[in-house]
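A quick write-up on the structure given underneath.
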Amino acid sequence: MVEAATLARPYALAAFDIARESDRFDHWSCALEQLAQVTCTAEISEYVSSPVHTAVAKATTVIDLLEDDLTESTKRFVRVLAENQRLDLIPEIRATFEELLAEERKTLAVEVTTAVELTPEEIKAFDDALTRKYQREINLTINVDPEIVGGALIRAGDTVLDGTVRGKLEKLQTSLMRT
């Protein structure tokens, strides 16, 4: 949803600036994760989107659910979101915050899917190759999906590299159907 991302970006940037000033990136990351989990529940999502409740009541409800895990600055952030009727954007704010944090820390989350379990040496080879390619610290997640038959499917940010046998067979099938 492009509109949600556009609306969420200024709030994510504000949270990021506050986190940078206080050197509390990990706290803000954790707080936004918890806020996203809470506001994504059906009951809370319905509550915060309801026009019946005031902004103060909405903010208080969300804050009360996470009282011990929020600092004064994160509580103020929730209140501002509630006043601007943006509590429903918290998951998108969190995602944008995490992208900014990865950029700041020069890290990149990469997901590698293979047909079989990889050995530690193969995982290290993927990590080394991806680190060289992207010139960033790589947070590697390995998944196994026998349906890809062989090869690997790599997702790094917006980039998808399909080196799977299944992907190649699908391309071949498409090519043969065109002729």
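Count residues from 1 along the sequence. Atom set for the values below is all heavy atoms of this structure, side chains included, hydrogens, waters and symmetry mates excluded.
Partners of Tyr47 by ring-ring contact (aromatic ring centres under 6.0 Å, His included), not counting sequence neighbours, listed by chain and number: His53. Contacts of Phe25 classified as ring-ring contact (aromatic ring centres under 6.0 Å, His included), with partners at least two apart in sequence or in another chain: Phe16. Remark: Lys133 pairs with no residue by the salt bridge (charged side-chain N to carboxylate O under 4.0 Å, His left out) rule, at least two apart or across chains.
The minimum heavy-atom distance linking Thr107 with Arg136 is given by the pair O-NH1, 3.4 Å. In this structure, Pro91 and Ala36 approach most closely via the heavy-atom pair CA-CB, 4.0 Å. Taking every heavy atom of both residues into account, Thr39 and Ser45 meet most closely at O-CB, 3.4 Å. Nearest heavy atom pair, residue Leu108 against residue Ala156, reads CD2-CB, 4.0 Å. Contact record, Lys171 with Asp162: NZ-O, 4.4 Å, taken as the closest heavy-atom pair. Taking each heavy atom of Ala19 and Trp28 in turn, the nearest pair found is CB-CD1, 3.6 Å.
Considering Leu32, Leu70, Thr71 as possible partners of Phe77, the one that fulfils the side chain to side chain contact (heavy atoms under 4.5 Å, CB included) test is Leu32.
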Checklist entry - Can Ile154 and Leu130 be said to form a side chain to side chain contact (heavy atoms under 4.5 Å, CB included), step by step? => result CA-CA 10 Å; Ile154 302 170; Leu130 292 165; 4.2 Å; yes

Next on the checklist: Run the side chain to side chain contact (heavy atoms under 4.5 Å, CB included) test on Glu3 and Glu92 for me, step by step, so that the C-alpha distance in whole Å, both residues' side-chain angles and the decisive distance to 0.1 Å come before the verdict.
Outcome noted: CA-CA 10 Å; Glu3 185 179 336; Glu92 196 66 44; over 6 Å; no

Next on the checklist: side chain to side chain contact (heavy atoms under 4.5 Å, CB included) for Gln135 and Arg132? Distances and angles first, verdict last.
Outcome noted: CA-CA 5 Å; Gln135 301 198 344; Arg132 279 192 308 278; over 6 Å; no

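Other residues, nucleotides and ligands contribute only 12 or fewer heavy atoms inside 6.0 Å of the CD atom of Glu147. Atom CZ of Arg79 is surrounded by more than 12 heavy atoms from other residues, nucleotides or ligands within 6.0 Å. Around atom CD of Gln85, no more than 12 heavy atoms belonging to other residues, nucleotides or ligands sit under 6.0 Å away.
Val56 is not connected to Leu65 by any chain of hydrophobic side-chain contacts under 4.5 Å among Ile, Leu, Val, Met, Phe, Trp and Tyr, and they are in different clusters. Both Leu13 and Leu101 belong to a common hydrophobic cluster when Ile, Leu, Val, Met, Phe, Trp and Tyr are linked at side-chain heavy-atom distances under 4.5 angstrom. Ile63 is connected to Val80 through a chain of hydrophobic side-chain contacts under 4.5 Å among Ile, Leu, Val, Met, Phe, Trp and Tyr, so both are in one cluster. Neither Ile148 nor Val110 shares a network with the other; the hydrophobic side chains, linked directly or stepwise wherever heavy atoms of I, L, V, M, F, W or Y lie under 4.5 Å apart, form separate groups for each. In the hydrophobic clustering of this structure, Leu153 does not group with Leu118; members are Ile, Leu, Val, Met, Phe, Trp, Tyr whose side-chain heavy atoms approach within less than 4.5 Å, directly or through other members.
Residue Arg9 holds its CZ atom at 12.5 Å from CD1 of Ile93, rounded to the nearest 0.5 Å. Considering CG of Asn139 and CG of Asp127, their distance stands at 9.0 Å, rounded to 0.5 Å. Atom OG1 of residue Thr113 and atom CZ of residue Arg155 lie 6.0 Å apart, to the nearest 0.5 angstrom. A distance of 7.0 Å separates OG1 in Thr96 from CG in Leu100, rounded to the nearest 0.5 Å. To the nearest 0.5 Å, the span separating OG on Ser73 from CD on Glu21 amounts to 10.0 Å. To the nearest 0.5 Å, the span separating CD1 on Ile44 from CG on Asp88 amounts to 13.5 Å.
The side-chain heavy atoms of Thr164 and Val149, taken from C-beta on, include no pair separated by under 4.5 Å. Between Arg94 and Gln34 there is no side-chain heavy-atom pair separated by less than 4.5 Å.
Between the Lys58 side chain and the Leu81 main chain, no donor and acceptor come within less than 3.5 Å of each other.
The pair Asp128-Lys124 meets the salt-bridge criterion, since a charged nitrogen lies less than 4.0 angstrom from a carboxylate oxygen. In summary, Lys75 and Glu72 engage in a salt bridge, as defined by a charged side-chain N under 4.0 Å from a carboxylate O. Electrostatic pairing of Arg76 and Glu83 does not count as a salt bridge here, judged by no charged N lying under 4.0 Å from a carboxylate O.
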